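Structure first, commentary second.
Order of listing sets the numbers, starting from 1, for every ligand and every atom in it. None of these values were measured; they are calculated from a predicted model.
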Amino acid sequence: MGTGFFFPLCAIPFSLIIILSFYKKGHIKSKETVIYSSLLLSNLFGLIIEILCTYASKIYTTHYVISILIYKLYLLYLIFWVSTMAYYVYSMIRNENVINEKRIPLFFIYYLINFIILILLPIKAVISDNFETRYTTGLSVYYTYLISFIAVIFIFIILLINKDKIKNKRYVPVILFLLLGSLVAIIQMFWPQLLLMTYCETLICVIMYFTIENPDVKMIEQLNIAKSQAEKANNAKTDFLSNMSHEIRTPLNAIDGFSQLILEEDDINVIKDEARDIITASQNLLEIVNGILDISKIEANKLEIVNTEYEPSKIFDELIKLTKARIGDKPLDFRVSIDKDIPDYLNGDYVRVKQVVLNLLTNAVKYTKEGFVEFKVNTVKKDGVCRLIISVKDSGIGIKKENIDKLFTKFERFDLEKNMTIEGTGLGLAITKKLVDLMHGNIVVNSTYGKGSTFTVAIDQKIVNKEKKEEVKEEIKVPKSIVVKGKKVLIVDDNLINLKVAARLLSTYKVATEEVSSGFDCLKKIEEGNSYDLILMDDMMPKMSGVETFKKLQEIDGFSTPVIALTANAIAGMKEKYLKEGFNDYISKPIDKKELERILKTYLIELN
Ligand code: ADP
């Protein structure tokens with residue numbers, strides 16, 4: 001190391017300026033930035049050690065051990081810098097943004113091993129007459145060359161493998177490093193006393209700072225990524241709204257059209273027919289709204305799996321009944337095979353299990369004109385867990401190979417010209433897939449276009465070990481058409497149409513009703529001493545909500561009328577929420593007649 005030490009000396013101010021400016025500016029803490037900062041700091045360390053090497057040669061004969069230690073520290077720096085650079089390029093190519101904490105101890109071990117090897121291997125300094133190191137030689141120097149060579153080859157190979165990415169200007173400093181590094185290595189072979197390597201590394205750090213590692217450039221890069229993500233999200237929302245607007249308008253058009261026709265129609269049979277079509281369209285509308293609710297909950301990560309104990313055989317019986325009803329008089333052979341060894345009780349989210357299977361069965365019926373729909377449930381039991389393997393097979397239209405991958409994407413519907421008459425939103429399978437994922441299950445599709453499809457779902461459910469209750473088939477003595485005379489119900493709702501619908505529905509059971517349009521009026525009625533057998537209470541009312549009104553009712557002395565929450569807030573978990581608030585029961589809008597009858601039977605008819 002001779003006059004060449006001027007190179008590292010000149011490089012120190014550059015290194016200091018870059019370090020100060022890098023740390024003074026707030027920068028994003030990405031993996032690359034962290035690696036770059038260690039390249040920067042170690043380079044300053046390397047420059048100082050390289051200058052110290054000149055001093056080491058002066059004390060080579062007097063303080064041999066110290067000078068050898070300085071030389072070896074410099075070699076260790078070279079290994080550190082070139083290996084870290086290789087890791088930087090690797091992370092850059094793999095686009096790894098997060099620091100993998102598990103790898104940190106591995107680096108320590110790697111550098112420690114290198115340090116030990118360097119300490120153990122011999123080194124010799126060739127000193128000139130004026131006590132300046134001409135160069136160092138020996139096995140530890142060759143070892144450093146070897147590691148540096150391997151690191152450079154590694155960088156070269158990964159760049160070659162990913163050559164399509166290299167066009168990106170992010171790789172310019174890396175390519176420069178390879179070119180400059182090789183050039184300097186050749187120069188040093190002939191003039192080993194020229195200390196160019198660390199200087200060249202400072203140069204690379206400076207170039208990196210002004211190109212890819214500048215905090216401002218990084219910030220702009222991140223801002224651009226955030227901007228394009230925001231744009232994508234915005235476009236998805238626009239697509240969603242336009243899709244939904246179309247989906248909602250279809251049944252709405254039927255409801256509006258048939259209602260107008262009914263107003264002008266005198267024939268009672270035609271009116272009844274059209275009213276039935278209105279009901280079907282309303283049910284479709286409700287399904288769409290429920291689907292949107294589910295999708296938006298899934299996307300907001302708010303959909304939770306609520307595990308409770310349930311009887312699987314009951315769920316499958318219900319599914320069979322529902323599917324038979326959907327098939328109606330379609331010429332379809334409905335084949336069912338449920339494993340007889342299915343446990344009596346399982347623990348899981350049966351509402352979601354049912355939703356998943358119902359969706360598959362409904363699709364099978366929808367997309368099969370003739371032939372069969374087969375519903376199979378098999379089980380595998382192990383270590384207290386029962387794997388439900390549910391398959392739904394059909395002889396329907398099938399799905400083209402190229403569409404299979406898109407099947408679980410929301411709003412994707414295929415063969416639209418063929419399926420014109422089949423109602424659907426393209427949300428069902430997207431929801432199904434998310435639900436299966438949330439339950440840590442699996443769903444696979446096998447389909448031959450024109451021949452049919454098989455959807456198979458596997459979900460693990462915990463087995464609950466307990467004796468099966470003997471079912472006592474109690475004859476519930478309820479008249480077929482319920483008539484509730486002499487009872488009075490108070491309906492509280494701020495929407496006049498809703499009040500009218502509820503009152504009209506109740507009048508078909510001969511229930512007397514009174515209607516009020518706010519929580520205040522409800523309280524007034526009770527405080528005035530009016531008594532009712534039941535109160536149906538809407539929740540979302542301005543000024544005083546249903547829950548608030550309910551709380552105030554509870555404070556009235558002697559108040560004991562059952563209060564039922566009546567709300568359009570129908571997402572899962574709502575029933576539990578209202579029951580927790582103290583309501584006696586819950587019924588969702590639009591009011592389902594069967595649910596209303598259940599309420600009437602429970603609260604207004606005394607069974608004996
Ligand atoms: P939807 O049925 O409401 O359109 P899904 O998400 O349930 O939405 O299904 C997406 C698409 O996948 C359907 O539009 C249909 O083209 C296709 N598909 C789903 N199930 C079947 C099936 N069993 N047979 C043929 N095609 C199917």
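Heavy atoms of Ile399 found under 4.0 angstrom from ligand 1 belong exclusively to the side chain. Proximity of Ile397 to ligand 1, defined as any heavy-atom pair under 4.0 Å, is confined to the side chain (atoms from C-beta onward). Residue contacts with ligand 1 for Leu360 are absent, since no atom lies close enough (heavy atoms, distance under 4.0 Å).
The distance criterion of under 3.5 Å between nitrogen or oxygen atoms is not met by Leu407 with respect to ligand 1.
Under the side chain to side chain contact (heavy atoms under 4.5 Å, CB included) criterion, Tyr350 pairs with Thr308, Tyr310, Ile315, sequence neighbours left out. For Phe258, the ring-ring contact (aromatic ring centres under 6.0 Å, His included) test picks out no residue, with sequence neighbours left out.
Salt bridge annotation for Asp294-Arg352: present, with a cationic side-chain nitrogen under 4.0 angstrom from a carboxylate oxygen.
Selection from Gly396, Ser453, Gly428, Ser395 by nearest heavy atom to atom 24 (N) of ligand 1 gives Ser453. Considering each of Leu429, Thr368, Ile431, Val445, the one bringing a non-hydrogen atom nearest atom 9 (O) of ligand 1 is Leu429.
Contact of the Asp339 side chain with the Leu388 side chain is not registered, since no non-hydrogen atoms from C-beta on lie closer than 4.5 Å.
Under a 4.0 Å heavy-atom criterion, Phe455 is in contact with ligand 1.
Within ligand 1, counting atoms from 1 as listed, the ones closer than 4.0 Å to a heavy atom of Lys366 are 1 (P), 2 (O), 3 (O).
A donor-acceptor pair shorter than 3.5 Å can be found between the side chains of Tyr603 and Asp585. In this model, no donor atom of one side chain and acceptor atom of the other lie less than 3.5 Å apart for Thr456 and Ser391.
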